[in-house]
Visitor: 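Below: one structure in C-alpha cells.
Below, read A as the first sequence line, B as the second, and so on, with proteins coming before strands; counting in each chain starts at 1. Hydrogens, waters and symmetry mates are skipped; everything else that's a heavy atom, side chains included, is used.
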Protein chains: 2
Amino acid sequence: MRPDPQHSDCRGVASILSRVGDKWSVFVIMMLGDGPKRFNELKRMINGISQRMLTLTLRGLERDGLVTRTIFPTIPPRVDYELTDLGHGLSRPVQALGMWAKEHQREIEAARARFDERNP
Amino acid sequence: MRPDPQHSDCRGVASILSRVGDKWSVFVIMMLGDGPKRFNELKRMINGISQRMLTLTLRGLERDGLVTRTIFPTIPPRVDYELTDLGHGLSRPVQALGMWAKEHQREIEAARARFDERNP
DNA sequence: CCGAATCCTTTACGATACTG
DNA sequence: CAGTATCGTAAAGGATTCGG
C-alpha cells in the first residue's frame with residue numbers, strides 16, 4: 001500500500017519536515033539516539049556546528065517536544081539533553097535515512113562528478 | 001545493533017543529508033514515488049513552490065543521480081521526471097519520515113503550543 | 001560550562017520578465 | 001509547456017563578546 005502522496009497534507013507536514021530536514025537537527029537527533037549528552041559533548045561530536053546554531057537547534061527540538069533539557073545546578077553548570085519518547089520515535093526513520101546516506105555516499109558522489117563533467 | 005552515531009562520517013554524509021533535508025527535495029521525492037511526473041504537474045502538486053525552486057530542486061536531484069529528466073521533442077514540449085533506482089531506494093526512508101510526520105503532527109503542534117505558552 | 005546578545009556576511013528565495 | 005535571467009529582500013549562519 002502506497003502512502004498516497006497525492007493527498008498528503010503538505011501544509012502541516014511541511015513545518016515538521018523542515019525541522020527534520022534541518023541539517024543540524026538531523027545530526028543532533030542521530031547523536032542523541034545513543035543516550036543523553038551534554039552541550040559541549042554534542043558540540044564536539046558534531047564537527048563544524050557553531051555554539052549559536054547548536055543552541056538554536058536544541059531549542060527548536062525542545063519546543064517540538066523531541067528533546068528534554070535537564071539542568072544540574074552544579075559548579076560548573078551541567079546541562080543534559082535527551083530524546084523524549086516522541087524524539088526516539090522520530091530517531092528511527094532518521095537513523096534509517098542516515099544509514100542510507102552512508103551506504104550510498106559513493107554512488108552519489110560519483111553521480112555528481114559525472115553530472116559536473118557533462119555540464120561544464 | 002545501533003548505527004554507531006559516534007563514528008559516522010559527518011563530513012561526507014552531511015552533503016547528502018542536506019539534500020534530503022532540503023524541504024523541497026523531500027516533497028519532490030515523495031511525489032515521484034508514485035511514478036513519473038511532468039514539470040507543471042509537480043508544480044501543482046507541491047503547493048507553494050515557485051517555478052525557480054522547482055527547477056533548482058530537480059537539477060539538484062538529477063545531479064545526485066536520484067532523478068532522470070526525459071525530454072519529448074513535441075510541441076508543446078514535454079519533460080518527464082522520474083526516480084532512478086537510487087532515488088527509489090532513498091524514497092523509502094523518506095516516505096517513512098513523511099508518514100511519521102503525518103502521524104505525529106498533532107503531538108508536535110501541541111508541544112509547540114505548550115512551549116510557547118511557557119516561554120512568552 | 002552553558003548560554004544570550006550583538007554585529008555582519010552570505011545565502012536562499014520569491015517576483016517578474018523573457019525565450020524555444 | 002518548460003524553462004532561463006536578473007533583481008531585491010529576507011533569512012540563515014559565523015564570529016565575537018559578555019554573563020550566571
Side-chain angles (χ1 to χ4, degrees), chain A residues 10-11 14-28 31-32 35-64 67-82 115-116 118-120, chain B residues 10-11 14-28 31-32 35-64 67-82 115-116 118-120:
Chain A
C10 288
R11 263 56 217 69
S15 67
I16 297 175
L17 285 184
S18 66
R19 158 138 322 290
V20 173
D22 176 32
K23 178 174 136 192
W24 297 126
S25 294
V26 172
F27 283 119
V28 170
M31 296 303 143
L32 290 180
K37 299 272 176 298
R38 300 180 58 172
F39 185 86
N40 277 343
E41 207 171 347
L42 285 170
K43 185 157 174 359
R44 275 188 303 273
M45 290 171 76
I46 306 173
N47 211 313
I49 193 171
S50 67
Q51 195 169 34
R52 174 190 150 88
M53 285 318 293
L54 182 54
T55 301
L56 291 179
T57 301
L58 287 167
R59 285 295 167 280
L61 293 172
E62 192 191 356
R63 175 173 184 267
D64 286 358
V67 159
T68 57
R69 180 163 173 268
T70 310
I71 306 172
F72 299 90
T74 57
I75 296 179
R78 173 200 174 113
V79 180
D80 272 14
Y81 293 92
E82 185 171 14
F115 185 92
D116 294 345
R118 281 196 308 273
N119 307 44
Chain B
C10 288
R11 263 56 214 69
S15 67
I16 297 174
L17 285 184
S18 67
R19 160 138 319 292
V20 172
D22 176 31
K23 178 173 134 193
W24 296 126
S25 293
V26 172
F27 283 119
V28 170
M31 296 304 144
L32 290 181
K37 299 272 177 297
R38 300 179 58 171
F39 185 87
N40 278 343
E41 208 173 347
L42 285 170
K43 186 160 174 357
R44 276 189 302 273
M45 290 171 76
I46 305 174
N47 211 313
I49 193 171
S50 65
Q51 194 170 35
R52 174 189 148 88
M53 286 317 295
L54 182 53
T55 300
L56 291 178
T57 302
L58 287 168
R59 286 295 168 282
L61 293 172
E62 192 190 357
R63 177 168 113 99
D64 286 0
V67 160
T68 58
R69 180 163 173 269
T70 310
I71 307 171
F72 300 90
T74 57
I75 296 179
R78 173 199 175 115
V79 180
D80 273 15
Y81 292 93
E82 184 170 13
F115 185 92
D116 294 345
R118 284 196 306 272
N119 306 43

Visitor: What's the closest nucleotide to the side chain of A/Arg52 if the choices are D/dG14, C/dC13, D/dC1?
Guide: D/dG14
Visitor: Measure from the side-chain heavy atoms of A/Val79 and tell me the nearest of D/dT4, C/dC2, D/dG14.
Guide: C/dC2
Visitor: Within less than 4.0 Å of OP1 or OP2 of D/dA2, is there a side-chain N or O belonging to B/Arg69?
Guide: no
Visitor: Can you tell me the distance, in whole Å, between the CG atom of A/Leu58 and the C1' atom of C/dC1?
Guide: 14 Å
Visitor: Report the distance from atom OG of A/Ser50 to atom CG of A/Leu56, rounding to the nearest 0.5 Å.
Guide: 8.0 Å
Visitor: Whole angstrom is fine here: how far is it from CD in B/Gln51 over to P in D/dT4?
Guide: 9 Å
Visitor: Nearest 0.5 Å, please: how far is CE in A/Met45 from CZ in A/Phe27?
Guide: 11.5 Å
Visitor: Nearest whole angstrom, please: distance from the P of D/dG20 to the CZ of A/Phe72.
Guide: 23 Å
Visitor: In whole angstrom, what separates B/Glu41's CD from D/dA2's P?
Guide: 9 Å
Visitor: Pair A/Leu58, A/Glu62 - check side chain to side chain contact (heavy atoms under 4.5 Å, CB included), show working.
Guide: CA-CA 6 Å; A/Leu58 287 167; A/Glu62 192 191 356; over 6 Å; no
Visitor: Given atom CG of B/Leu54 and atom P of D/dA2, what is their separation to the nearest angstrom?
Guide: 10 Å
Visitor: Could you state the interatomic distance from NZ (B/Lys37) to CD (B/Glu82), rounded to the nearest 0.5 Å?
Guide: 9.5 Å
Visitor: Output the rounded distance in Å from CZ (B/Arg59) to P (C/dC13).
Guide: 17 Å
Visitor: If I take atom CD1 in residue A/Ile75 and atom C1' in nucleotide C/dC1, what distance separates them, rounded to the nearest angstrom?
Guide: 11 Å
Visitor: Using a cut-off of strictly less than 4.0 Å, decide whether A/Tyr81 has a side-chain nitrogen or oxygen near OP1 or OP2 of C/dG3.
Guide: yes
Visitor: Among D/dG14, C/dC2, C/dG3, which nucleotide has an atom closest to any side-chain atom of A/Thr55?
Guide: C/dG3
Visitor: Does A/Arg38 put a side-chain nitrogen or oxygen below 4.0 Å from OP1 or OP2 of C/dC2?
Guide: yes
Visitor: Ignoring the backbone of A/Phe39, work out which of C/dC2, C/dC1, C/dA17 is nearest its side chain.
Guide: C/dC2
Visitor: Identify, between B/Pro77 and A/Ser50, the residue whose nearest nucleotide on DNA chain D lies closer to the 5' end.
Guide: B/Pro77
Visitor: Provide the closest heavy-atom pair for A/Tyr81 versus A/Leu32 in the form atom of the first, atom of the second, distance.
Guide: O-CD2, 3.4 Å
Visitor: Rounded to whole Å, how long is the line connecting atom CE of B/Met53 with atom C1' of C/dA12?
Guide: 7 Å
